[in-house]
Amino acid sequence: MKTVDKLYGIHSKIKNCMLALGGAGVFIMMLYITVDVLVRNLSSTALVGTFEIVSYYIMPLTILPSMCLALASGVMPRIVAMTNRLPHKAQRVNVIILPVLEMAAYILMFLFSMKYAISATQDNLSFVAGTTSLPVWFMYYLPPLAYVMMTVESLFVLLKNILTDNTTILYQGKDPDEENASI
């Protein structure tokens, strides 16, 4: 179990980096929209393509990298709210089956989104902001990355549920660095 906790610690550091990326996206979106509003109100012009740039670049950068952390924190609704009243044996079966079903769904979503990202790359997908065509194909690789992270998160949940008598769906492992710091 210590090895799984150590690996989960590495996964948690990657999740935190992706959360920082999402937080940077929120800050950039706030700054960009504020500057656009100021320019609109103080002059007779506006920033060109604000809606397109925010919707094609900044929103995916804000939402997709932090999806795994939302999954790990328990924010997303889970069926456990209904299954935790079942007998212990039924709960044990559910905590094995549910992560497997989640992983199957995430793997399918990864495959579909990766296929779409590859297609967007081959087509050199872009959008028009004002009179300029800006590439957007590279943003289509964020959903597959998010689904890989969510699959790994569910894999850790599955491993913990198999190796322990755990009947929850969240991992909640101990970070080995924190464990060593308290000694």
Side-chain angles (χ1 to χ4, degrees), residues 7-81 98-99 101-157 169-172 175 177:
L7 290 172
Y8 189 74
I10 294 168
H11 178 67
S12 293
K13 288 177 182 172
I14 295 170
K15 283 191 305 191
N16 288 337
C17 289
M18 293 184 74
L19 178 66
L21 186 62
V26 169
F27 181 74
I28 291 167
M29 184 174 5
M30 177 189 66
L31 188 65
Y32 194 81
I33 292 172
T34 301
V35 168
D36 183 50
V37 169
L38 285 173
V39 168
R40 284 177 191 257
N41 287 324
L42 298 177
S43 69
S44 60
T45 62
L47 297 179
V48 177
T50 298
F51 176 78
E52 289 83 6
I53 290 172
V54 167
S55 63
Y56 286 116
Y57 286 151
I58 303 174
M59 280 186 182
L61 186 67
T62 300
I63 296 166
L64 293 169
S66 53
M67 279 175 55
C68 183
L69 192 72
L71 175 71
S73 67
V75 172
M76 294 184 177
R78 299 201 181 247
I79 200 161
V80 171
L98 292 177
L101 292 175
E102 282 182 353
M103 288 184 343
Y106 298 148
I107 289 169
L108 286 174
M109 293 304 294
F110 165 78
L111 292 173
F112 295 140
S113 60
M114 190 61 157
K115 183 178 178 183
Y116 195 71
I118 291 170
S119 174
T121 303
Q122 290 171 344
D123 295 342
N124 200 18
L125 199 61
S126 60
F127 65 94
V128 177
T131 58
T132 307
S133 181
L134 299 173
V136 72
W137 58 267
F138 56 89
M139 295 302 287
Y140 285 88
Y141 288 96
L142 282 175
L145 177 64
Y147 287 118
V148 164
M149 291 294 294
M150 292 169 72
T151 303
V152 171
E153 183 71 30
S154 291
L155 178 65
F156 279 115
V157 169
I169 294 291
L170 299 179
Y171 185 80
Q172 298 172 344
D175 188 6
D177 294 336

Worked check of side-chain contact (heavy atoms from CB on, under 4.5 Å) between Met18 and Leu145: CA-CA 10 Å; Met18 293 184 74; Leu145 177 64; 3.6 Å; yes
Working to the nearest 0.5 angstrom, can you tell me the gap between [X] [atom1] and [Y] [atom2]?
X	Y	atom1	atom2	value
Met67	Leu69	CE	CG	12.0 Å
Ile10	Leu7	CD1	CG	5.5 Å
Ser133	Leu125	OG	CG	9.0 Å
Thr45	Leu47	OG1	CG	7.5 Å
Asp36	Asn41	CG	CG	9.5 Å
Ile107	Tyr147	CD1	OH	13.0 Å

Ser154 side chain to Thr151 backbone, donor-acceptor under 3.5 Å: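 Side chain of Ser154 to backbone of Thr151, a donor-acceptor pair under 3.5 Å: no, none is there.
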Thr121 (side chain) donor-acceptor with Ala117 (main chain) under 3.5 angstrom: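 Indeed, once roles are kept as given, a pair shorter than 3.5 Å links the two residues.
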To check you understand the geometry: which heavy-atom pair defines the closest contact between [X] and [Y], and what is its length?
X	Y	result
Glu52	Val128	CG-O, 3.8 Å
Val54	Pro60	O-CD, 4.4 Å
Ser66	Leu19	CB-CD1, 4.1 Å
Ala146	Leu64	CB-O, 3.4 Å
Gly22	Pro65	N-CB, 4.5 Å
Pro143	Met139	CD-O, 3.6 Å

Hey, are the side chains of [X] and [Y] touching, using non-hydrogen atoms and a 4.5 Å cut-off?
X	Y	answer
Val152	Cys68	no
Met149	His11	yes
Tyr140	Met114	no
Ile53	Tyr32	yes
Glu153	Lys15	yes

Exceeds 12 heavy-atom contacts within 6.0 angstrom, atom OH of Tyr141: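 More than 12 heavy atoms, drawn from other residues, nucleotides or ligands, come within 6.0 Å of this atom.
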More than 12 heavy atoms from other groups under 6.0 Å of CZ on Phe112: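 No, not enclosed.
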Trp137 versus Asp123, side-chain donor and acceptor atoms under 3.5 Å: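 On atom types as modelled, these side chains do not qualify, holding no pair under 3.5 Å.
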Evaluation steps, side-chain contact (heavy atoms from CB on, under 4.5 Å), between Tyr57 and Leu134: CA-CA 10 Å; Tyr57 286 151; Leu134 299 173; 3.5 Å; yes
